[in-house]
Structure formats: structure tokens, C-alpha cells
Protein chains: 2
Amino acid sequence: MDQRRSPSASERKRDPERTRALLLEAAAAEFGAKGYAATRTTDIAARAGVNKQLISYYFGGKEGLYKELATSWHGTAAEMASAEQPLGTVLAGFVHTTLTDHGRLWAWSNLAEDSPPTDEAFLRAQVEQMRERQEAGELPADLDPGLLLLALMAAASAPLTLRHTARQITGEDPATPEFATKYAEQLASLVRHLSRRT
Amino acid sequence: MDQRRSPSASERKRDPERTRALLLEAAAAEFGAKGYAATRTTDIAARAGVNKQLISYYFGGKEGLYKELATSWHGTAAEMASAEQPLGTVLAGFVHTTLTDHGRLWAWSNLAEDSPPTDEAFLRAQVEQMRERQEAGELPADLDPGLLLLALMAAASAPLTLRHTARQITGEDPATPEFATKYAEQLASLVRHLSRRT
DNA sequence: GATTAAGTCAACCCATTGGTTGACAAAGCA
DNA sequence: TGCTTTGTCAACCAATGGGTTGACTTAATC
């Protein structure tokens, strides 16, 4: 039999792929929760259930691990991008992704001084979509599509970026799927008001 | 003559009030720029032009200094609050305050896990104002006033919370007053669309 | 089966960092 | 004018935290 992939990959004693993945996952959670500076490599290793030296071994240290994450999260963003769905649906998807570890990571990196290498193509495509929606009459045509996108993205990530403020306003924990759903509906309703000519 | 306040307070060799103020100001800048965890007490002291031991002397350490700031910034927020100005004006004020050191500090603390003791009364008042605006027909009545406030606050702080994203979308530095002004105008225009029945 | 390569870990290392100590100087007070 | 209090600083200290070392173990190769 083929010994190249026998012990089912998760039962094996040693499994580099798996270890790497565990570290990345743990790192996303830790970085997302506390931000880069406040995150301890020891905590990442502990969460991954692995020796902390392996961070150096696989990623060349804390910073390397962080950068690896920073460049990998674009996939997450991209999947919700596309399509000609109604704007409300797109926003709803965005609201929910802000509650993932990668979403939190994105928020932290946006505040930090050093520029993270975010995917420009994705943003450009989104701006273009805004313009199309304006032409289709779904959104007011007198607004700058870029700034409009910015405002909507910011609004959609409110449960993340204004977490404590949101909690104080609503009395609920904004980091729950239920809240996200409710909030997304409100946003959808809001953008509907932007197009509707009553 | 009264020696209690003679050397004009800024020329004196020793001036506790001034030192405290210098430290608070420097701390706001440093914390705002890098966040709590990444800020070094040495940097704060250096920026204030003062010995770092004085942080312990006056505030009982790094954390004490941070908390002092956290509880003091509400004044900043409150001043822009009130009034029956048009919503666009209020938002514009908010956009600009997000670019101050205190604004940045607020953003960081919103992301951090530990809850900062933000001023609840202020938020409640703002929610109430939203409701009034809805009743006055300035805003759609079918939206939850709290969530609406949240969305608008988030949108207004986009140049701050989505700094890098904003830069990539627009190609400009969102941390400039010029950008803030332009962005605020767009927001005003946007909320105008929310009320207008064309 | 022996040899090599790859993966993992416990222990150690040392730069950084927040905080403290003790000397000392300016200001208030008798 | 001397004594005390308050403000300030340079030097020092202990703890933390990221990174490295070297031993060891599993797995692939000959």
C-alpha cells in the first residue's frame, strides 16, 4: 500500500502540515483577540498544543507568522466579494466575516501604524461594483463610489471596530451571530432607503 | 505679592501641573499611535521631555496613566454631542474628532478585550437624538435608532478605524483634515438621501 | 538494518521594559 | 535661616518574552 499518505494525516505522530495549520489557526485567534503587540508567542504555541520553538522553525518567528496570516486572509475577503447579489446581501456577508478571527486581525492591522499588504485588486473591484450599482440606480449617483464603499464597509464592521460602543448602545454582545444578523438586516434596510424614491 | 502663582506657571523650574499635563498629552499621542501594549513608557517620557519615573510618581504606572486618559476623554466626545444641529454637522464634527489622539485611543480601546469605562450617558443621549430625528422625519422611522447610531458612528470613524483600507481605496492619506472634510461632506450627503423623498 | 533528514521539545539566553531606589534640588514654612 | 515637603532625575533591578541550542525521536532512504 502507499505509505506516502497512510496514517490518515491526523492520526500520525508527526505531521508538519498539520502543525503549521494548527499554529496558523491559533495565531489568528490570538492576534485577533489581543492584537500583535499584546500577543505572546507562548500563548499561540499553547493554544496550538505545540512547542513554541516551532514558530521559529516554520515561520521564522512571531513576525513571520503574523505576515503569513496577513497575506493569507485575502482569500477570506475575496470569497464574499463578487457576484451581482443585492447590496444588502453583500453587506450581510461582510458583517459576518468581521466576527471571524481574520476579521479581527484585519481590524487591528488597520489601526496599526505599519501598512499591511492588503489586497488592492479586491478593493478596486468593489469600488467598481459600487459604481455599477449607482448606474443601475441602486445607489445615489452623486456620491463618490470609493468613499461610499468606505462608509459602508466601516458601517458593516461596526460590531467589530466599535465593539464596546456597540455593547453599550444595544446592551447586547455584538460579537454573536444573532446580533450580526439583526444588524445586517438594519443595514440592508438602510441602503434600501438610499435607493428608494417613495 | 502673592507667591502662590508668581512665575507664570510655564517659566517655573518645577511645575507639577504642567508636568502632569505634559505626560497626559504625550501619553495620548503614544497610546493613540501604537495602542496600549505596543507603547513604551520610555517613549511617553521622552515625548513629554521628562523623566520616566514621573509616570509612576503621578499616575502609579503605565496602566494608571492609561486609565486616567480613558476616563478623561469623554469631555472631548461630549462637546460635539449636544445641540439640534443638522445631522450632517454632527457627523462632520465626529469625523474630525476621530483624527485626534483621543479619537485614536478610543478606537484602540474599542478593539481591546478589556472594557473601557466609556460614558454611557453620552451614548444614551445620542440614541435619544436619533429617535427625535426620526420623528422629525429627518431619518427613516423603521430603523432601530440605536443600530442606526452605531452604523453612523462607525461610518464617521472610517478614516480612523479603516485607515489603511481608506488609503488604498482613495489613494490619499485619510488622516488629514482635508480628507476628513471631504469625507464628512459625503456622509452629510448620504444621510440627506436617507430623508429625502425625491 | 543503518544512515540521514525532518520534526519536536525542554532548557537556556539575553535584550527589553516597567518599575523602584536613593540622591538631590526647588519651593514652602517656621 | 534652617527644616520639611514636593518634584525630578540617573542608576539600578526583576520579570517578561522572543529567540536559540542541543538533545532526542520519528520517518524516509539506501
Practice task
Measure the distance from CD on Glu17(B) to P on dA27(C) and round it to the nearest whole Å.
Solution key: 15 Å

Practice task
Ignoring backbone atoms, establish whether Tyr57(A) has a side-chain N or O less than 4.0 Å from OP1 or OP2 of dC9(C).
Solution key: no

Completion exercise
So the ring-ring contact (aromatic ring centres under 6.0 Å, His included) pairs with at least one residue in residues 17-44 of chain B (sequence neighbours excluded) are Phe31(B)-Tyr36(B), Phe31(B)-Tyr66(B), Tyr36(B)-Tyr66(B)

Handout entry: side-chain hydrogen bond (donor to acceptor under 3.5 Å, both in side chains) contacts in which one or both residues fall within residues 44-57 of chain B, not counting sequence neighbours
Key = Glu30(B)-Arg47(B)

Exercise for the section: Starting from C1' on dA11(D), measure out to CG on Leu54(B) and report it in whole angstrom. Expected result: 15 Å

Exercise for the section: For the pair Arg163(B) and Glu113(A), find out whether any cationic side-chain nitrogen is under 4.0 Å from an anionic carboxylate oxygen. Expected result: yes

Exercise for the section: Rounded to the nearest angstrom, tell me the gap between atom CZ in Arg18(A) and atom C1' in dA6(C). Expected result: 18 Å

Practice task
Nearest whole angstrom, please: distance from the P of dC9(C) to the CG of Leu22(A).
Solution key: 11 Å

Fill in the blank from the handout: Heavy-atom contacts, protein to nucleotides 12-23 of chain C, under 4.0 Å, summarised as B (base), S (sugar-phosphate only) or - (none) per nt, yield -----SBBBB--

Exercise for the section: Name all residues meeting the side-chain hydrogen bond (donor to acceptor under 3.5 Å, both in side chains) criterion together with Thr181(B); count only those two or more places apart in sequence or in a different chain, and write none if there are none. Expected result: His96(B)

Problem - Protein-nucleotide distance (Phe59(A), atom CZ; dG18(D), atom C1'), rounded to Å - result: 16 Å

Practice task
Using the side-chain hydrogen bond (donor to acceptor under 3.5 Å, both in side chains) rule, collect all pairs that involve residues 148-159 of chain B, keeping only residues at least two apart or in two chains.
Solution key: none

Problem - For Asp43(B), all residues meeting side-chain hydrogen bond (donor to acceptor under 3.5 Å, both in side chains), sequence neighbours excluded - result: Lys34(B)

